[in-house]
Amino acid sequence: MDVTLHLAQDPQADALLGRSPLAALVGMLLDQQVPMEWAFKGPRTIADRLGAEDLDAHEIAAMDPEAFAALLSDKPAVHRYPGSMAKRVQQLCQYLVEHYDGDAEAVWRGVGSGAELLKRLQELPGFGRQKAQIFLALLGKQLGVTPQGWRQAAGAYGEEESFRSVADITGPQSLAKVRAHKQEMKAAAKAAKAAGD
């Protein structure tokens, strides 16, 4: 895996995401309740604070939970909720060590179908159906992981020329389109809720 991603909008952070399967998974895990760029910059910040070029699932899984939470809480914090996200990142790494010998890429390497890949992603701690579908779309659209039926398994996120999620962000223009789509969805949800009251 060695591609150029533009999710953190920061060259060093994006370079790590493009070459490190674990960094990409951790970025996706962190992508909630904070701006997308902040979430996807997290893996680079964690690696820097560990004094490493990349994230290592074995190392993170084995760390003292309080020490790892402190690492994510240092200013600037890696996430709005650094303590709970530190726990989730460790749970993800522990799962990868237990089920994939710490090799994040093994989650999708050689998988036979989009449905199987979606199932594997949903089994990861912190990955519900929507997050798994978005990551599956990212794998298919930007990382060259295209098992049979991947678009269908990714649902609406797998559609071509859509601007729904991080899977569709390739630069500033597509980022603006994804942001606009999310604002439209929020406005529609708000209007639907108001109509139901």
Side-chain angles (χ1 to χ4, degrees), residues 1-44 46 55 78-79 85 88-89 92 96 100 104-189:
M1 193 169 116
D2 195 7
V3 298
T4 302
L5 293 177
H6 301 278
L7 305 180
Q9 303 289 301
D10 170 280
Q12 285 189 311
D14 282 327
L16 178 62
L17 294 170
R19 72 172 186 270
S20 168
L22 180 56
L25 275 177
V26 169
M28 190 75 225
L29 181 68
L30 294 172
D31 188 21
Q32 58 192 38
Q33 300 174 302
V34 294
M36 178 205 73
E37 299 93 327
W38 186 4
F40 282 96
K41 196 172 181 180
R44 175 81 261 168
I46 295 168
L55 301 180
V78 170
H79 193 275
M85 293 314 289
R88 287 186 176 193
V89 170
L92 173 64
L96 292 171
Y100 296 100
E105 193 173 6
V107 174
W108 55 84
R109 188 188 305 116
V111 77
S113 70
E116 172 64 19
L117 180 48
L118 180 63
K119 179 178 173 287
R120 286 185 180 195
L121 289 169
Q122 283 184 262
E123 289 169 353
L124 298 174
F127 278 68
R129 183 171 180 82
Q130 184 181 32
K131 193 177 282 283
Q133 285 185 309
I134 292 170
F135 194 78
L136 175 50
L138 177 65
L139 287 170
K141 290 180 174 183
Q142 297 198 48
L143 299 173
V145 179
T146 56
Q148 190 170 356
W150 72 270
R151 285 192 189 275
Q152 293 83 345
Y157 301 107
E159 292 174 8
E160 287 187 72
E161 301 300 315
S162 66
F163 294 95
R164 285 189 168 84
S165 73
V166 299
D168 305 304
I169 296 171
T170 55
Q173 287 181 313
S174 52
L175 172 60
K177 288 180 182 180
V178 169
R179 284 241 156 83
H181 173 77
K182 289 187 178 199
Q183 293 296 1
E184 286 170 26
M185 297 306 286
K186 279 184 185 172

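This is a predicted model, so every value here is computed, not measured.
- Between the OG atom of Ser174 and the CZ atom of Phe163 there is a distance of 6.0 Å, given to the nearest 0.5 Å.
- A donor-acceptor contact shorter than 3.5 Å is absent between the side chain of Arg164 and the backbone of Tyr157.
- Without hydrogens or angle criteria, Gln9 side chain to His6 main chain gives a donor-acceptor distance under 3.5 Å.
- With rounding to the nearest 0.5 angstrom, the CG atom of Leu17 is 10.5 Å from the CD atom of Gln142.
- With rounding to the nearest 0.5 Å, the separation of CE in Met28 from CG in Leu121 is 10.0 Å.
- When each of Leu25, Leu22, Leu55, Val26 is tested with Val89 by the rule side-chain contact (heavy atoms from CB on, under 4.5 Å), just one qualifies, namely Val26.
- Put simply, CG on Leu117 and CD on Gln122 are 10.5 Å apart, with the number rounded to the nearest 0.5 Å.
- Annotation for Gln148: atom CD does not count as buried by contact number, only 12 or fewer foreign heavy atoms lying within 6.0 Å.
- Annotation: the span from Leu138 atom CG to Leu7 atom CG amounts to 6.0 Å, rounded to 0.5 Å.
- Of the N and O atoms on the side chains of Glu105 and Tyr100, not one donor lies less than 3.5 Å from an acceptor on the other residue.
- A side-chain donor-acceptor contact under 3.5 Å links Lys141 to the backbone of Glu159.
- Using a distance-only test at 3.5 Å, with no hydrogens or angles considered, a donor-acceptor pair links the side chain of His79 to the main chain of Leu30.
- The structure places CG of Leu16 at 10.0 Å from CG of Leu5, a figure rounded to the nearest 0.5 Å.
- The backbone N or O of Pro11 lies less than 3.5 Å from no partner atom in the side chain of Arg44, so there is not a single donor-acceptor pair.
- Checking side-chain atoms of Trp150 against main-chain N and O of Ala137 turns up no donor-acceptor pair under 3.5 Å.
- With hydrogens and angles ignored, the 3.5 Å screen pairs a side-chain donor or acceptor of Asp168 with a backbone N or O of Ser165.
- Trp108 and Phe135 have tilted rings, their planes meeting at an angle from 30° to 60° on a 0 to 90° scale.
- Remark: the backbone N or O of Ala156 is not paired with any side-chain donor or acceptor of Gln133 at under 3.5 angstrom.
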Audit row: Arg88, Leu92, side-chain contact (heavy atoms from CB on, under 4.5 Å) steps and yes/no | CA-CA 6 Å; Arg88 287 186 176 193; Leu92 173 64; over 6 Å; no
